[in-house]
2 protein chains.
Amino acid sequence: MPRDGLTTDQIVRAAIDLLDADGLDGLTMRGLGQRLGCAATAVYWHVENKDNLVRLAVDELWREVRLPDLEANDWRAAATEMATDLHAMVTRHPWLLQALATHLVYGPGKARHDDHLFAVYERAGFVGEQADRAVGAVFVFVLGNAVGPAATVALNRRLRRDGGDAEQVLGEAVARATDLAASYPRLSARLPSPTDDVNAVFAGTFEFGLAALLDGLQARLPDQETAAS
Amino acid sequence: MPRDGLTTDQIVRAAIDLLDADGLDGLTMRGLGQRLGCAATAVYWHVENKDNLVRLAVDELWREVRLPDLEANDWRAAATEMATDLHAMVTRHPWLLQALATHLVYGPGKARHDDHLFAVYERAGFVGEQADRAVGAVFVFVLGNAVGPAATVALNRRLRRDGGDAEQVLGEAVARATDLAASYPRLSARLPSPTDDVNAVFAGTFEFGLAALLDGLQARLPDQETAAS
DNA sequence: GACAGGAATTGAACTAAGTGCAAGTCACCC
DNA sequence: GGGTGACTTGCACTTAGTTCAATTCCTGTC
């Protein structure tokens with residue numbers, strides 16, 4: 001049992017690793033202790049409880065996200081970059097979606113990110129409530145895109161825990177879907193073959209939707225002519 | 001203990017009530033039994049396990065959603081109606097977001113709904129992959145909008161469970177946010193007053209974002225060569 | 001160099017929750 | 001009225017968050 005060296009930072013980083021692998025329920029204090037080479041309860045000296053640990057982990061994620069240079073780009077490029085970076089982050093850490101849906105989290109990391117978001121959209125010409133709504137719309141769109149990845153993580157966790165062959169389980173799911181889609185020709189035409197990556201269905205949705213959403217927002221700018229360049 | 005009358009349907013309905021009140025973690029088999037006036041384990045005769053119960057509950061929700069008449073409306077009105085109805089449903093049952101993020105769910109209810117969605121977007125002129133992406137983009141946007149309501153439910157659950165004054169907890173959260181926003185003028189200007197409804201921040205975001213997104217999608221219709229490229 | 005005191009860690013134990021199991025209970029049919 | 005099968009129950013096992021008293025380690029002080 002290595003004595004010293006257990007820091008809050010280490011704990012948060014290990015927690016993020018476990019969360020990435022198995023989602024919000026996959027993080028257990030005992031598992032965390034095992035990974036850190038200490039007793040599960042040792043963590044409680046550094047962190048109040050699991051909820052707060054998750055809060056810390058969430059805020060750590062926000063810190064990871066790059067903020068684009070506001071001077072160098074037009075708002076559209078900056079907004080796209082921020083949304084894309086955020087999407088990459090949430091895809092890598094889909095438990096963030098679960099965390100935001102179950103914890104009231106507002107830490108310094110998110111404040112920093114939010115401020116930059118508002119800067120981009122205000123520079124575009126959005127003012128007041130409209131800026132709030134534009135920022136909010138893009139934000140929830142990005143978050144919604146994490147539902148698929150989160151489900152994939154949850155599925156993998158189930159497979160790892162209950163044993164069971166991934167191929168077989170997925171095959172059965174596809175078979176069930178095929179069965180369900182039988183009465184709907186539009187769905188039958190879209191069924192993924194069992195060899196496909198399940199996530200392939202979602203590929204491209206984000207880029208396509210983001211571009212469309214930003215187009216629509218841009219068209220709603222109070223002063224369109226000056227913003228177009 | 002009333003003997004007969006325990007049906008799967010009753011169980012699912014009671015489960016939905018509990019889920020609405022307290023979210024995914026708020027549904028416990030013991031609590032469900034108590035509500036139904038039977039032992040917790042009685043449920044297991046009708047339902048394989050909690051996971052499957054959630055699956056049944058999810059599919060029941062899909063069945064609730066109305067499907068607009070395709071003949072009567074143009075695609076834009078139909079798409080708006082479907083998204084709005086879906087939004088209303090997810091807002092009423094925010095645990096659906098959690099369920100979709102942790103369970104692979106594809107039941108008859110969702111198949112029915114998806115088919116209608118594709119019908120609307122194909123009628124608009126979207127074809128193939130583009131239809132998939134348009135449908136997917138709107139869908140994840142609607143889901144993302146449920147994060148706020150889900151967090152609110154989780155907060156209320158915490159308050160109810162741990163005791164504690166809602167006013168006070170919210171007041172502290174606002175105070176913390178104010179503190180965090182101190183270094184960011186854009187955020188300070190947007191702080192909700194403690195008397196505001198927290199959800200008021202999100203009000204309007206959905207309608208605004210949906211209209212913008214549909215505008216953007218419409219501009220991407222294959223037969224529309226009007227938009228600058 | 002011994003030691004006091006605080007920092008950090010540990011194992012045992014309590015609680016809540018999902019669930020398997022074997023025994024019990026009821027309704028209905030011969 | 002007794003058997004059969006559908007349904008229900010209490011008990012107990014397991015996992016997980018958390019508390020707590022006890023223990024160990026480090027550090028500064030005499």
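Every chain is numbered from 1, with letters handed out A, B, ... down the list of sequences.
Between B:Gln10 atom CD and D:dC7 atom P there is a gap of 13 Å when expressed in whole angstrom units. The distance from atom CG of B:Leu32 to atom P of C:dT19 is 12 Å, rounded to the nearest whole Å.
In terms of the side-chain contact (heavy atoms from CB on, under 4.5 Å) criterion, residue partners of B:Val147 (sequence neighbours excluded) are, by chain and number, A:Leu97, A:Leu100, A:Leu143, B:Leu97. Residues passing the ring pair (Phe, Tyr, Trp, His ring centres under 6.0 Å) test with B:His87 are B:Phe206, sequence neighbours excluded. For A:His113, the ring pair (Phe, Tyr, Trp, His ring centres under 6.0 Å) partners at least two apart in sequence or on another chain are A:Trp62.
Comparing B:Asn49 and A:Val43 against DNA chain C, the residue whose closest nucleotide sits nearer the 5' end is A:Val43.
The residue A:Ala42 sits close to a base: some heavy atom pair falls under 4.0 Å.
When distances run from any side-chain atom of B:Ala39 to the nucleotides C:dT19, D:dT18, D:dT9, the shortest one goes to D:dT9.
For residues 29-38 of chain A, every residue pair satisfying the side-chain hydrogen bond (donor to acceptor under 3.5 Å, both in side chains) rule, not counting sequence neighbours, is listed here: A:Asp17-A:Arg35. Within the structure, every pair that satisfies the side-chain hydrogen bond (donor to acceptor under 3.5 Å, both in side chains) test and touches residues 39-50 of chain A, not counting sequence neighbours, is listed here: A:Glu48-A:Asn52.
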I'd like a list of close polar pairs between nucleotides 12-15 of chain D and the protein, N/O only, cut-off under 3.5 Å.
none

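The cationic group of B:Lys110 lies under 6.0 Å from the six-membered ring centre of B:Phe139 and within 45° of the ring axis, placing it in a cation-pi geometry.
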